Amino acid sequence: MNAMPGIFAAATGADSLLERWPILFRDTVAGFFPAPLQWLVGSLISILAIVAIFGGVFAALTLLERKMLGRVQNRPGPNRTGPFGLLQPIADGIKMLTKEDIVPRSADHLLHFLAPVALLAFSILTFAVIPFGRNLVPLELDAAVLYFFAAGAATELAIFMAGWASRNKFSLLAAMRALAQLISYELPLLLSFVPIIMLAGTLSMTGIIDQQAGWNFGFIPKWYIFTPWGFAAFAIFLVAALAESNRSPFDLPEAESELIAGHLTEYSGFKYALFFMAEYFGMIALSGMAITLFLGGWRAPLPFLEFIPSYLWFGAKLLGLLLLFIWIRGTFPRLRMDQLTRLAWKFLVPLALFNLGTAAFWSLTSGWSGPLQLARWGVAIALVVVPFVLLGRGLSRGVAPRTYRFA
Amino acid sequence: MILTPLHLCLLLSSALFCIGLIGALSRSSSILVLLGVELMLNAANLNFIAFWRYGPNPAAGTGVLFVLFSIAVAAAEAAVGLALVIAIYRHQRSIRLQDARRLKG
Amino acid sequence: MTGLLIIALVTLVPAAVAMALRNVIHSALLLILSWAGIAAFYFWAGAEFLAFSQVLVYVGAISMVVLFAVLLTRHTRTDGGVAPDTLGRALAGLLIGGAVLGVLFGAVLSTPLPIGSKPAAAVTVHGLGVELMERHTIALLVVGVLLTVALLGAVVLAASDSRSGPEDAR
Amino acid sequence: MSLPVQLLWLIPALPLLAAGIGSLTPRSGRGLASGAAIVAMAISFLLSCGALATALAQPAAHLVHNFAWFDLGGSAVRLGWLLDPLTAFMCVMVTFVGTLIFIFSTGYLHEDANFTRFFCFLSLFAAAMLGLLVANSLLLLFICWELVGLASYLLIGFWFHKPSAAAAAKKAFITTRIGDLGLLLGMLWLYDSTGSLLFYDGGQGVLEATALGGLVAQTTIGGLAVSTAIGLLIFCGAIGKSGQFPLHVWLPDAMEGPTPVSALIHAATMVAAGVFLVARVYPLMSADQGLAHVPVHALTVVAAIGAITALLGALIAVAQSDIKRVLAFSTVSQLGYMMLALGVGSWVAAIFHLLTHAFFKALLFLGSGSVIHAAHHEQDIRRLGGLRGPMRATFATFAIGMMALAGVPFLFSGFWSKEAILHAAHNWDVSHLPLYAGLAAVVLTAFYMTRLVAETFFGSPRSEEASHAHENSAVMTVPLILLAVCAVLLGFLGTPAYPWLQARLEGHTEVHGHPIFEGAGLLMLSIVLVAVGIGSGWALYGRRPRANANALDPIEGRLPGLFAVLRARFGFDELYAATVGRLNTAMAALSDGLDRYVWDAAVRFLAALGEFGGVVNREADEDVLNGGFDATNDRLRGTARSYSAAQTGGAHGYLRTVAVGFVLLVLIVMLGGGV
């Protein structure tokens, strides 16, 4: 039987108080309880903290997204509730909670109810292994990366349940689309970070972050994104993550113009809010994963900035990625279904496979130094760029940039 | 007769195996038959793990590795099996297994 | 022991119900629960990596394929009514399955099994990786080839081979 | 920057990678293919410079890195890389000249549809040559050697839609294969005698004292030392590859390929391979020098072949009228010089001449390519003329190349390297015939090069194409200028006063020079000879330029018989056609006859015999045996039918059967008391 590891690793004395206070706080509170209950209380505190913090992030994010989209589309966005519309999330929450919960008569009642619950539960489960800070790893697992994607895989099921249980042809079509999309993009998503596991030699999140410690030339962090293959993998990961979280431009399952609201068509009130929440949680979790895998986790980007607590760095990176996601949503038009699958199978998967080779080359040539290092970089960059250009050309064959004569 | 944990594990896997077998024997939908077979496979995997855990030489991860390969094979089997089901469906507009007897001697 | 009993319950009951239900989608969803139960068993037995693999492969991949197959083959020609031979077959199945169960239980219960002095220590992912890459390299390669071939085979089988196939007439 | 010997493989690997990229690039990817090739070659050049730095740091050492290729039972076939000044200098030369030729090619083949394929082949060619240079194993060298042959075949036949090009490619391939057979035999013999093919292997290599001693000690047919025989067999390969008499016939025909290919073949890669091979195995070739009782020394043969080739090539070149053919025969002649130098014991002089020749011959070929490109593929010097005005850069660089080749004193590299060879020939105590042949070739070389320049660049244009010629773009002229600079400067690496190159090649770190005019007699003589050659050439062709394209050649006017013989290249092609070709046809006819009348008859007789036996058999069979078999078969078929009825096709049934069988099996085992 696995001994339950400490929900948060014990803080080491070397860290500053700023780093340690969450742990100290938890241990102090848990200290009031009898010994057998202490780990339970500790876990509960961690869980409550995660749910509370990311619940808050979710609320803020809805507002942020609407505001940002407003800016992108040249309109003010929500601005009636509270100063600058700051109270909008609360108003939304009250509205959702008080709305009538409608279940279609011929729907599969049990599954219809279970779908949003399962979706949210699995989304939150993924938070368990993300290192939010130097000591803030909720669950230290040997195979944390695998756990993350195992838990994430289950969300697909919930979407299918929602679509099927609604007894609505649009919902069902959306569910099929969602399945096709998730299956297609699972592959590049998994393949994109295999190089990292290869190079880091571990599946543990902490181990991967440890591998990214240190600086090149004293100021460029040794994050994986700053290698040719790492950059390519990050790009693939980002695209696949967008698709996995059903975000624009891959939000086909809920394409309003084709499928009304997709698998959400028959949901209203609080269940709808749960779906919404789960989508944002999924996005946050994948961003956290991207940060851990490619962006050095909670590490500071410059040596002299290390005095800022690690969880703030994590938060800053998370905010940056989320803003990027929102920006993408505001900018790109939605893809067509066939374009979507073609992109995955004909472009991302081969690219990710090539990238595997590049990473292997990188790992094999790690002993090169001096001018050979230049050759190493050159070859690696060529191995990334050449397939990209060739595959991209194959993808856009017969499609020329449009010219507008009178525009 | 003492019931050791190993016995319990084996009983669990036997029961799972028989559930899969009964499903595969009695259902007419070829998808369910396939799923029954899938269950039987899983029951076999349970045995590997049980013997690995309680066996005389647990240090070698052979049982785990065996199951790992078995899962990979199961994935391949499911993919091919379901492709077969779809092919059957395309040919006779039905996935009832008893309709698919064109291979009879 | 309680853990094992709960796991057995979670595994067996959904599996049994799934095999009895008429609605294939419900069966598939229940089976997913059963597979998750098996993953829990692996976790309980200390094979953490295996548990996650089981979830990833069965819950994440195989279930998707199954659901897809169900949705693609939904309009069966003879949907309503229980065919006369179904009942007989079910009975035979139950009988034979029961016989196998009896035989297996008898065999398990009547065998004294030696038990290792202490349960296996959990294998680390690192140890597993080393085993895979060193002792079982060939097997790993063969599995890789198998998966590739299976993928190609599945594509070939499921791809519609003729433009004027029956489903275009629909 | 220096390159450790372990990484020497990078030098050929990069062009190989570029060849791979080129082969995968679609036709439209011109920039990618040529860019990859040029960049790879340039990086190889930098790496070669690194290798040179490593080699010069310890010039006497043969740095090797050996590894097992595959295991053969008890022993392993081993390959390796070798780094010494010879390899390093050759690599630098090949990559530098190669890079310039590649750049030139982007201009020259600008309009060709198969541009990407061309660069793929070019890179392959260069990669094979570089592999040959860095090999520390005769086997690896042979592999690369054959790759060079393959690539040259592909490149000579690049315009395969022209029948002449296809024929030339085939001719080059087959002719060099004849020599390669000798090389292969030599290699096998060597492996048989020494058990190794590595050149240097810490005392175990075939070029090291232990193995050589063993080889010299044994004698074989005709009293030859084994090392002599092996050396001569290996030399056969060099004869084929380097276009030596009597296998020189393919080299002029190889002009059918695009001009950059000619430049590459003649300057940097293919023909240099033969000279390099002999220089590489020089310890083996010269191992028999100390033996007095052998009928012939290997090097004597080399010197003889070299002298004949030098004279022959120069003579033929006098009467050719195709600009590239003149250069081709001059290559034959110069290669003869190199072989001569090898034969008379100065491999250093040969390599020196090889290096300088590579630069100025590449310059001349690229210059002729520039002329041809400008004159819309007019190659006949009788129809050119007057190009001095419109093509200033080409003319200036071509003239520098011409003077380097002719050996104009002091300023040009060709002079110094040729001088080194003549000196070596002078000091050879076996015979002075090679020296005389070399001196004669000096006059002829100066003469025909003057003729070439005078006919091409002076006078007035004698055809429509020539009068429209104008200078080419910078991508073609800049390599010319770079090569011209090298053609001048390179000679100063090896002047007698400061023979730096020779010292480094021989493995010395300090340089012992001596005054230039020490052996002034020979020097003076050759200066006079050059002056005679250039003067007579100018007198015949320069002062009174040809009036029109159909005018008689001055020599043709005076000595028509000799000119006709020279123009027909001494009739070697005809001779081979009449002897080897005819013999081949006769043998084929003989084989055909044997096959048709002797073997066929025997087979037919046997067949008839068999047929008769068959008839007898059938009669016995039908009545006696068949009846029984039919009855048995009917019985079997009935049984099978009843079995196949069990095959219902229903999967459920099968599964049921399996389960029941399982239950029965377990019951049997359990009730039967276990197994």
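These figures come from a predicted structure and were not determined experimentally. A, B, ... follow the sequence lines: proteins, then strands. Residue 1 opens every chain.
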message: Does C/His136 form a side-chain contact (heavy atoms from CB on, under 4.5 Å) with B/Phe66? I'd like the steps, not just the answer.
response: CA-CA 10 Å; C/His136 303 273; B/Phe66 223 113; over 6 Å; no

Stepwise side-chain contact (heavy atoms from CB on, under 4.5 Å) check, C/Tyr58 with B/Asn42: CA-CA 10 Å; C/Tyr58 276 93; B/Asn42 270 306; 3.6 Å; yes

message: Heavy-atom pairs under 4.5 Å with chain B: which of C/Leu21, C/Leu151, C/Val142 has the most?
response: C/Leu21

- prompt: Which answer fits B/Ala43, side chain, backbone, both or neither, if we ask what part of it has an atom under 4.5 Å from a heavy atom of chain C?
  reply: neither

- line: CG (B/Leu82) and CG (C/Leu67) are apart, to the nearest 0.5 Å, by 10.0 Å

field: Side chain / backbone / both / neither for C/Ala20 at chain B, heavy atoms under 4.5 Å
entry: backbone

task: Give, as side chain, backbone, both or neither, the part of C/Leu12 having an atom under 4.5 angstrom from any heavy atom of chain B.
output: both

- request: Could you grab the distance from atom CZ of B/Phe48 to atom OH of C/Tyr42, nearest 0.5 Å is fine?
  value: 10.0 Å

query: Can B/Leu39 and C/Met19 be said to form a side-chain contact (heavy atoms from CB on, under 4.5 Å), step by step?
result: CA-CA 10 Å; B/Leu39 271 185; C/Met19 286 296 145; 3.9 Å; yes

- request: Go through the steps for B/Ser26 and C/Leu94 under the test side-chain contact (heavy atoms from CB on, under 4.5 Å), then give the verdict.
  value: CA-CA 7 Å; B/Ser26 52; C/Leu94 269 177; over 6 Å; no

message: At a 4.5 Å cut-off on heavy atoms, which part of B/Leu21 comes close to chain C: side chain, backbone, both, or neither?
response: side chain

- prompt: Just how far is it from atom CG of B/Leu12 to atom CZ of C/Phe41, taken to the nearest 0.5 Å?
  reply: 6.0 Å

query: Distance from C/Leu101 atom CG to B/Phe17 atom CZ, nearest 0.5 Å?
result: 10.5 Å

- prompt: Non-hydrogen atoms of chain B under 4.5 Å away: do they reach the side chain of C/Val65, the backbone, both or neither?
  reply: both

- prompt: If you tally heavy-atom pairs under 4.5 Å against chain B, which of C/Leu50, C/Val143, C/Val66 wins?
  reply: C/Leu50

- request: Taking all non-hydrogen atoms of both residues into account, name the closest pair between C/Ala150 and B/Val80 and its distance.
  value: O-CG2, 3.7 Å

Atom pair CG (C/Leu109) and NE2 (B/His7), whose distance is rounded to the nearest 0.5 Å: 6.5 Å

task: Among C/Ser27, C/Ser53, C/Ala139, C/Ala61, single out the residue with the greatest number of heavy-atom pairs under 4.5 Å to chain B.
output: C/Ala139

Proximity breakdown for B/Ile31 and chain C, heavy-atom pairs closer than 4.5 Å: side chain

field: Among C/Ile7, C/Leu95, C/Ile38, C/Val149, residue most engaged with chain B (heavy-atom pairs, under 4.5 Å)
entry: C/Ile38

